[in-house]
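Read through the structure below, which is laid out as structure tokens, and then see the notes.
The first residue in the sequence is number 1, and the count goes up from there.
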Amino acid sequence: MEQLTSNVFVETQIRGCNHGFVTTSEGVVMIDTPHKPSDALKWKAEIAKHGDVRYIINTEPHGDHWTGNAFFDAPVVGHEGVRSRILNTDISGLVASVSGFGPEEPALLEGYTPNAPVLTFKNDMTLHVGDHTFQMIHMPGHTLYQAAILVKEEGVVFTSDNIFHKVQTWLHEADPDLWLIALESLRALNEDIFVPGHGPLCDKGYLDEQGSLIVEWKDYIQSGIDRGMSKEEAIVNLTAFTDRYPMDVGQDGMAPRVMQMNVANLYDFLTVS
Ligand SMILES: [Zn+2]
């Protein structure tokens, strides 16, 4: 864990998304939660030194951002699409997958019930806790339900997975055109301390590289389509990005599969729309 500002703490080094918490004069606000249950319990013990958890804010619908919510007794805030995705999750499948993360996980997942958002927004929402202001802004891209979380008094933005900083970018559910708009929305913010969804901390200086990568991905798949490739041929043959960046922590060996999912999604995006 590292302390980013006087009241913002983040974890970027463990399996799952980057997550953090903010200490306010009226308790702690968490932003996303650990993927692994045993990590969630360690995180809970750490946070307990700083106060009671008042709220959890989720930034997106993927399980690496919200599986750990269940280990905290606090109401969750998120985009309405995040709530519906969590409520429609195949929980036995999730439990089977996360159980494989380590020897301690199966016992911790007995009777697992997700903690889904009970306070939802569509476009934006502002939450005031003590002296702190949390602004949630819908920025679809990596998924349709992405949100950036601004911690106004700290100058910090949790960008969620619209930024993968120097690690492989997952586009398996992306709308690349909306994603490029989201990056410009991030650029337009006053705040410039970025906690990306994955990878080390960064700032606006990384937006150009993230945007270029998305354009490059889109052009690459379009070139396959233009050469007459079927979706299956594209998935097998369009492998140029496999070694572009390292995978994030705990995802070793997953690059070929992730790249295939990226190709499949972009192929559909470019041919159906
Ligand atoms: Zn994600």
Side-chain angles (χ1 to χ4, degrees), residues 1-4 7-23 27-78 82-83 85-118 143 149 158-161 164-165 167-168 170 172 195-201 246-255 257-258:
M1 183 184 84
E2 65 188 289
Q3 184 166 5
L4 189 52
N7 293 294
V8 177
F9 299 79
V10 294
E11 176 58 73
T12 64
Q13 308 281 327
I14 62 172
R15 180 175 189 155
C17 73
N18 292 335
H19 45 276
F21 65 86
V22 182
T23 54
V28 173
V29 175
M30 298 171 62
I31 293 142
D32 287 335
T33 53
H35 201 180
K36 242 170 105 168
S38 58
D39 287 336
L41 294 180
K42 285 181 208 148
W43 194 233
K44 187 175 189 172
E46 185 60 43
I47 290 174
K49 299 174 193 166
H50 297 269
D52 294 333
V53 178
R54 294 286 311 282
Y55 295 96
I56 298 169
I57 302 170
N58 281 146
T59 64
E60 66 152 76
H62 291 143
D64 56 329
H65 295 254
W66 59 259
T67 300
N69 291 2
F71 299 90
F72 296 85
D73 184 20
V76 180
V77 180
V82 174
R83 174 179 162 84
R85 282 281 295 268
I86 293 175
L87 295 181
N88 287 312
T89 295
D90 164 20
I91 295 302
S92 57
L94 175 109
V95 166
S97 147
V98 176
S99 288
F101 286 7
E104 302 164 73
E105 313 315 322
L108 298 174
L109 287 159
E110 269 175 38
Y112 180 85
T113 307
N115 183 7
V118 290
T143 71
I149 315 302
F158 287 77
T159 72
S160 195
D161 289 9
F164 285 79
H165 182 214
V167 292
Q168 290 280 27
W170 292 57
H172 62 308
V195 182
H198 295 268
L201 300 169
M247 293 297 290
D248 191 19
V249 181
Q251 299 178 354
D252 292 333
M254 290 171 69
R257 171 86 189 108
V258 174

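- Under the rule for a side chain to side chain contact (heavy atoms under 4.5 Å, CB included), the partners of Asn7 that lie at least two apart in sequence or sit in another chain are Val22, Thr23, His132, Glu154.
- Nearest heavy-atom pair, Ile91 versus Pro114, reported as atom, atom and distance to 0.1 Å: CD1-CG, 3.6 Å.
- Every pair tested for salt bridge (charged side-chain N to carboxylate O under 4.0 Å, His left out) that includes a residue from residues 102-114 fails, sequence neighbours excluded, so the list is empty.
- For the side chain to side chain contact (heavy atoms under 4.5 Å, CB included) test, residues two or more places apart in sequence or in another chain that qualify with Asp32 are Cys17, His19, Asn58, Thr59, His65.
- Listed by chain and residue number, nothing satisfies the salt bridge (Lys or Arg N to Asp or Glu O under 4.0 Å) test with Arg83 (two or more places apart in sequence, or in another chain).
- Remark: Phe21 engages Phe9, Trp43, His50 in a ring-ring contact (aromatic ring centres under 6.0 Å, His included) (not counting sequence neighbours).
- Remark: Val258 pairs with Trp170, Met247, Met254, Met261, Asn262 by the side chain to side chain contact (heavy atoms under 4.5 Å, CB included) rule, at least two apart or across chains.
- Asp248 is linked by a salt bridge (Lys or Arg N to Asp or Glu O under 4.0 Å) to nothing, counting only residues two or more places apart in sequence or in another chain.
- Listed by first then second residue, pairs satisfying ring-ring contact (aromatic ring centres under 6.0 Å, His included) with a partner in residues 86-117 read His35-Phe101, not counting sequence neighbours.
- Contacts of His165 classified as side chain to side chain donor-acceptor pair (under 3.5 Å), with partners at least two apart in sequence or in another chain: none.
- Partners of Glu46 according to the side chain to side chain donor-acceptor pair (under 3.5 Å) rule, which considers only residues two or more places apart in sequence or in another chain, are Lys49.
- The side chain to side chain contact (heavy atoms under 4.5 Å, CB included) search around Ala48 returns none, not counting sequence neighbours.
- For residues 85-101, the set of pairs meeting the side-chain hydrogen bond (donor to acceptor under 3.5 Å, both in side chains) definition, not counting sequence neighbours, comprises Arg85-Glu173, Asp90-Ser92.
- One N or O on the side chain of Trp66 and one on the backbone of Pro61 form a donor-acceptor pair closer than 3.5 Å.
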